[in-house]
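Inspection log for the structure reproduced underneath, given as structure tokens.
These numbers come from a predicted model, not from an experiment. In what follows, chains carry the letters A, B, and so on, assigned in the order in which the sequence lines appear, proteins first and then strands, with residues in each chain numbered from 1.
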Amino acid sequence: MRLQSYLSKTLSKNSQCQTINQNNLLKHLQDGNNSPQQDNLSEQLSASIINLFICFRQINATVQDNPTGLGAARLRLCYTHSIAALYVFFILFRLAHHYHWANSFLVIIDISSEVRGTKHLTWYITFHHKNIYMPPPRPHPKTFAIVFERYVAAGKPDRAVKVFLSMHKHGCDRNLCAFNMLLDVLCKSKRVEMAFDLFRAFRGRFRADVVSYNIIANGWCLIKRTNRALEVLREMVERGLEPTISTYNLMLKGYFRAGQVKQGWEFFLKMKKRGCEIDVVTYTTVVHGFGVVGEVEKARRVFDDMVKEGCLPSVATYTALIQVLCKKSSVEDALVVFEEMVRKGYVPNTTTYNVVIRGLCHSGKMEKAMELMGRMKDDECEPNIQTYNVVIRYFCDAGEVEKGMELFGKMRSGECLPNLDTYNVLMSAMFVRKKADDLLVAGKLLIEMVDRGFVPRRFIFNRILNGLLLTGNQWFAKEILRLQSQSGRLPRHFKL
DNA sequence: ATAGGGTTAG
């Protein structure tokens, strides 16, 4: 039992864990009910479990000291080892003297639904409420936002509504805030009609405020129905609610998104004429809006105008302009603006860098892109998952899989861990080359990603299997097949 | 506690 020896070793070494009764934990592992088959755990996974174990202790400790500030870095770590996180959660759950805090629940619900779908969501909430081991008796309101979102993403919006309506049974108020969160989740998933019906039915009861109206108006804008959004705004005014600057900004954004550039521009002029306090966000929206439809000159003009009118551009405004130039003009022009902003004392952030780096990659200037990536640290922003994914993708497209792998190696050892996309890009690149060694590497990547709780698509498995069988690597093929069956991704009617 | 500008390939 490798896991057990791991645990006892780490527990005796790590002072942070000594508050936990080792015997208790080991006994739990021995009777093993309810826990995943621990014999099948790979070494790496066992190590992650330990890591997670420590994490959860720390999360709970942190929350105890300071309920508002979570150990964000620690939390992020949990997300990269979803399976291990679930496992640890349940081990701790079974310990009589251990209890989870509301925030741990929040994290675990989020993780569980990512890995297992919506199957256990209701169970979690019910359990959360009833569990006598948990002194802070009410779930964090944010937990509900996550549950709403997961149900809606799984195509079960009515379940989300149901949970909302039964919130009070789980120890949480059905208040305006929760109502707005539900509306927002529905709107963001483009189920605006449903949100609107709900809104109309309950707006009196929950005393809908500016935020509710903004959410609904924004929802109509998201599905490009600006007329409906406008109606909502009118209604809002009729009911005596004063629109805020963000109300106007979202309307403006809606026009540009719907391709109604002319209306958008007129709306902007109207805002000016009526003496709205136009802010940077407004200008940024317009610059970006013109950019999307390819009106480089107009975007530039607005950018220049704003300074004259006494509104300084922000980093986001610069980012918008740079993106416009990358897409519709040339990377060189974009770089000029980039350097100009640096000269003026702005500090580009990760998004700005990502835009420039993407532009450079797109026009084949990989060295320059790498140079900028190195520069990011000087500006105190680290490359994030998007940065890595873009550069790796373009390296792979150019057939330089090694360079992609090099970056991938950096990711694994650093703060920024690969996601599903990263794995997919790299593995696809390996299939293109069809080298026997590549297939081995791809196979290892596959094992690693399953370990981390990602569920690879069926065809990825099949491709690797085909490749391995063609190159005569029967043994490895068998391993992969076993993995495929464990992830529930076997071909239909297939028996091992 | 809830909304609110800038990043994603073909």
Side-chain angles (χ1 to χ4, degrees), chain A residues 67-68 102-103 106 138-145 148-149 164 172-188 195 199 206-219 221-222 232 236 241 243-254 256-257 278-289 291-292 299 302-303 306 311 313-327 341 346 348-359 361-362 381 383-394 396-397 419-422 424-425 428:
Chain A
T68 47
N103 275 314
L106 190 150
R138 45 190 80 241
H140 197 284
K142 267 207 135 165
T143 307
F144 284 95
F148 296 156
E149 195 223 300
F164 168 73
C172 253
D173 256 7
R174 283 179 296 185
N175 55 17
L176 177 62
C177 207
F179 182 55
N180 285 345
M181 287 194 296
L182 176 65
L183 291 181
D184 192 43
V185 167
L186 288 172
C187 284
K188 294 257 164 69
F199 170 74
F206 295 113
R207 300 175 168 278
D209 62 352
V210 196
V211 178
S212 328
Y213 278 94
N214 282 357
I215 289 170
I216 296 292
N218 193 36
C221 285
L222 280 175
V232 172
M236 176 174 171
L241 289 167
T244 62
I245 180 69
S246 40
T247 314
Y248 294 119
N249 285 344
L250 72 87
M251 202 57 227
L252 193 58
K253 195 179 161 199
F256 280 108
R257 182 201 304 275
I278 293 181
D279 61 2
V280 216
V281 181
T282 320
Y283 283 109
T284 309
T285 308
V286 179
V287 170
H288 180 247
V292 178
V302 173
F303 187 87
M306 69 185 285
C311 180
S314 66
V315 177
T317 324
Y318 268 106
T319 307
L321 183 65
I322 288 171
Q323 193 209 8
V324 173
L325 295 174
C326 281
K327 279 198 174 150
M341 92 180 252
Y346 287 92
N349 59 24
T350 309
T351 311
T352 321
Y353 272 107
N354 284 354
V355 170
V356 181
I357 288 174
R358 178 170 291 121
C361 288
H362 198 74
C381 61
N384 65 5
I385 185 74
Q386 276 132 320
T387 326
Y388 278 111
N389 281 359
V390 165
V391 182
I392 289 179
R393 167 168 270 125
Y394 277 97
C396 286
D397 281 355
N419 68 5
L420 185 67
D421 231 27
T422 325
N424 281 340
V425 168
S428 311

Which nucleotide in [options] has an atom nearest any side-chain atom of [X]:
X: A:S246; options: B:dT7, B:dA3, B:dG10; value: B:dA3
X: A:T317; options: B:dA1, B:dG5, B:dG10; value: B:dG5
X: A:N354; options: B:dG5, B:dG4, B:dT7; value: B:dT7
X: A:H362; options: B:dG6, B:dT2, B:dG10; value: B:dG10
X: A:S314; options: B:dG5, B:dA3, B:dT7; value: B:dG5
X: A:R393; options: B:dA9, B:dT7, B:dA1; value: B:dA9
X: A:M181; options: B:dT2, B:dG4, B:dG6; value: B:dT2
X: A:D421; options: B:dG6, B:dA1, B:dA9; value: B:dA9
X: A:Y394; options: B:dT7, B:dG5, B:dA9; value: B:dA9

Whole angstrom is fine here: how far is it from [atom1] in [X] over to [atom2] in [N]?
X: A:I216; N: B:dT2; atom1: CD1; atom2: C1'; result: 13 Å
X: A:F148; N: B:dA1; atom1: CZ; atom2: P; result: 18 Å
X: A:M306; N: B:dG6; atom1: CE; atom2: P; result: 14 Å
X: A:I322; N: B:dG6; atom1: CD1; atom2: P; result: 15 Å
X: A:Y213; N: B:dG4; atom1: OH; atom2: P; result: 19 Å
X: A:R257; N: B:dG5; atom1: CZ; atom2: C1'; result: 12 Å
X: A:L250; N: B:dG6; atom1: CG; atom2: P; result: 12 Å
X: A:F179; N: B:dA3; atom1: CZ; atom2: P; result: 15 Å

Below 4.0 angstrom from OP1 or OP2 of [N], is there any side-chain N or O of [X]?
X: A:H288; N: B:dT7; value: yes
X: A:R358; N: B:dT8; value: yes
X: A:K188; N: B:dG4; value: yes
X: A:Q323; N: B:dT7; value: yes
X: A:K253; N: B:dA3; value: no

Is the backbone N or O of A:P313 less than 3.5 Å from a side-chain atom of A:Y346, with the two atoms forming a donor-acceptor pair by type? yes
Donor-acceptor pair, side chain of A:N218 and main chain of A:C221, under 3.5 angstrom: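 Not confirmed, A:N218 side chain does not pair with A:C221 backbone.
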With sugar-phosphate meaning primed atoms plus P, OP1 and OP2, does [X] contact a base, only sugar-phosphate, or nothing at under 4.0 Å between heavy atoms?
X: A:N349; value: base
X: A:D184; value: sugar-phosphate
X: A:V286; value: nothing
X: A:T387; value: nothing
X: A:V280; value: base
X: A:I215; value: sugar-phosphate
X: A:S212; value: nothing

Test log, rule side-chain hydrogen bond (donor to acceptor under 3.5 Å, both in side chains), inputs A:N354 and A:T351: CA-CA 5 Å; A:N354 284 354; A:T351 311; 5.7 Å; no
Within this structure, what is the CG-CD1 distance for the pair A:N180 and A:I215, rounded to the nearest 0.5 Å? 4.5 Å
Tell me which one of A:T285, A:V286, A:V281, A:T284 satisfies side-chain contact (heavy atoms from CB on, under 4.5 Å) with A:T317. A:T284
So does A:T319 reach the base of B:dG6 with its side chain, donor to acceptor, closer than 3.5 Å? yes
Measure the acute angle between the ring planes of A:F164 and A:F148, then classify it against the limits of 30° and 60° as parallel, tilted or perpendicular.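 The rings of A:F164 and A:F148 stand perpendicular, inter-plane angle above 60°.
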Measuring only between side-chain heavy atoms, which start at C-beta, is A:C311 closer than 4.5 Å to A:I278? no
